[in-house]
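In what follows, a single structure is set out as structure tokens and then discussed.
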Amino acid sequence: MSILYYTLNNSVFTNFAFYSTAAVVKMMGMSALTTLKRMSKDAFANPEDLSLAKNKTAVITLADPDVERVRRNHLNDIENIVPFVLVGLFYVGTNPDRDTALWHFRVFFISRVLHTLTYQLALPQPSRFITCAIGYLTTLSMASRVLLNVRP
Amino acid sequence: MSILYYTLNNSVFTNFAFYSTAAVVKMMGMSALTTLKRMSKDAFANPEDLSLAKNKTAVITLADPDVERVRRNHLNDIENIVPFVLVGLFYVGTNPDRDTALWHFRVFFISRVLHTLTYQLALPQPSRFITCAIGYLTTLSMASRVLLNVRP
Amino acid sequence: MSILYYTLNNSVFTNFAFYSTAAVVKMMGMSALTTLKRMSKDAFANPEDLSLAKNKTAVITLADPDVERVRRNHLNDIENIVPFVLVGLFYVGTNPDRDTALWHFRVFFISRVLHTLTYQLALPQPSRFITCAIGYLTTLSMASRVLLNVRP
């Protein structure tokens, strides 16, 4: 059994790399969506950005509800997707069962896509709460394996 | 001497994995604390969340002082714990002395636990400033070793 | 051909470690800049911080324009530099061409330094937009290579 876990020969690592990168790209999509919302609503945060406004009487705002919804979604991604990738890097090093690991990665990624949908469509609660909690518990499950396997 | 630094056979890596995961889990705890504060104070940020409020006349708020304190604490964690883990990954690759590395990891983790206590208990300054600075300087110490060892 | 990509023997990894650490240190500089701005303007976010104020009649504020500009810059760093490092870790594992990889890392790092300058000097748009977009596209370019190479 090889002790090289961080190579493309290890399918746990390649599966993790795929779902982590996909989740980070989804997170980065919130930056693009913020820019689109700011442009479409002339809702800019900096005085120098007003030169981009369609309506030349626009003023800066930090409280446009549509822009702020995307920004809260983005921050929630940072609070959840970044921990998933960081903890997952160590989780891969604990040589988990291939299928168990794959389901962790899949469930996390799908939970974050559904979370974004519930957030941006403002679906009735507790839909957003549940999708967020599923991803959160997935990361905690990986973290518990790391903490139990690498005790100093 | 092995050049495999990212395996459970390298105690620098296992120590790093332990303290990094513990720090990330502590950071994730702020999400749970935010939710608890929002529920206990009916202080929700989204209109659709008001269905969860105990007081059915609650309105959305972005300025509850207790919730915002937890959120500032959470953001400070992101600003400090994420850099620690990212820089630490490269630091482990520079094959540092085992004990020197372990003390970096321990001091960082303890500084962040104390930082959270000073923040949530609103202890007199400069207690919070000092705990934050200790973790910050620990990460910079690791970063300086990386930058000196991997100069392109 | 070695399959060990995460060692100091692999110049793609050392180049990535250098530019990633430099970018994270730049990001951490925003914390220091926030503290300096808060101190110089007596613009504190927590009641217990007012003991640090020069003017003893200062009150807490979450809306000082200079402090908020640094904080928006810091958050933009988190939204862009953290994805770069996370995606880059997997990108290094795909064994990219040495020079292609190096230019990705260089362009990203320089784009973030220029982004900070355009933000803090409030240079006319679209200068900030362009610097941000260049770094963003660089990370997406690395992500596309990862997703194509590690398909589950």
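Keep in mind that this is a model prediction, so the values were computed, not measured.
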Heavy-atom side-chain contact between C:L62 and B:R72 under 4.5 Å: yes

Bottom line for C:M27: the part with an atom under 4.5 Å from chain B's heavy atoms is side chain

Option from C:L8, C:V85, C:T14 for which side-chain contact (heavy atoms from CB on, under 4.5 Å) with B:F90 holds: C:V85

Is there a side-chain contact between C:I78 and B:V82 in this structure, where contact means two heavy atoms from C-beta onward sitting under 4.5 Å apart? no

Are the side chains of C:D49 and B:F129 in contact, using a 4.5 Å heavy-atom criterion? no

Under 4.5 Å to a heavy atom of chain C? For B:L123 that would be backbone

Non-hydrogen side-chain atoms of C:E48 and B:P124 separated by less than 4.5 Å: no

If only atom types and distance count, is the side chain of B:Y136 paired as donor or acceptor with the main-chain N or O of C:S31 below 3.5 Å? no

State whether C:R71 and B:E79 are salt-bridged, where the test is any N-O pair (Lys NZ or Arg NE/NH1/NH2 against Asp/Glu carboxylate O) under 4.0 Å. no

Best-contacting candidate, C:S11, C:A17, C:A45, against chain B by heavy atom pairs under 4.5 angstrom: C:A17

Quick check: do B:L147 and C:F18 have side-chain heavy atoms less than 4.5 Å from each other? yes

Under a 4.5 Å heavy-atom cut-off, does chain B meet the side chain of C:L50, its backbone, both or neither? neither

Answer with side chain, backbone, both or neither: which region of B:Y91 has an atom nearer than 4.5 Å to a non-hydrogen atom of chain C? neither

Going by heavy atoms in the side chains, are B:R128 and C:N46 under 4.5 Å from each other? yes

With a 4.5 Å limit on heavy-atom distance, are the side chains of B:L86 and C:T21 in contact? no

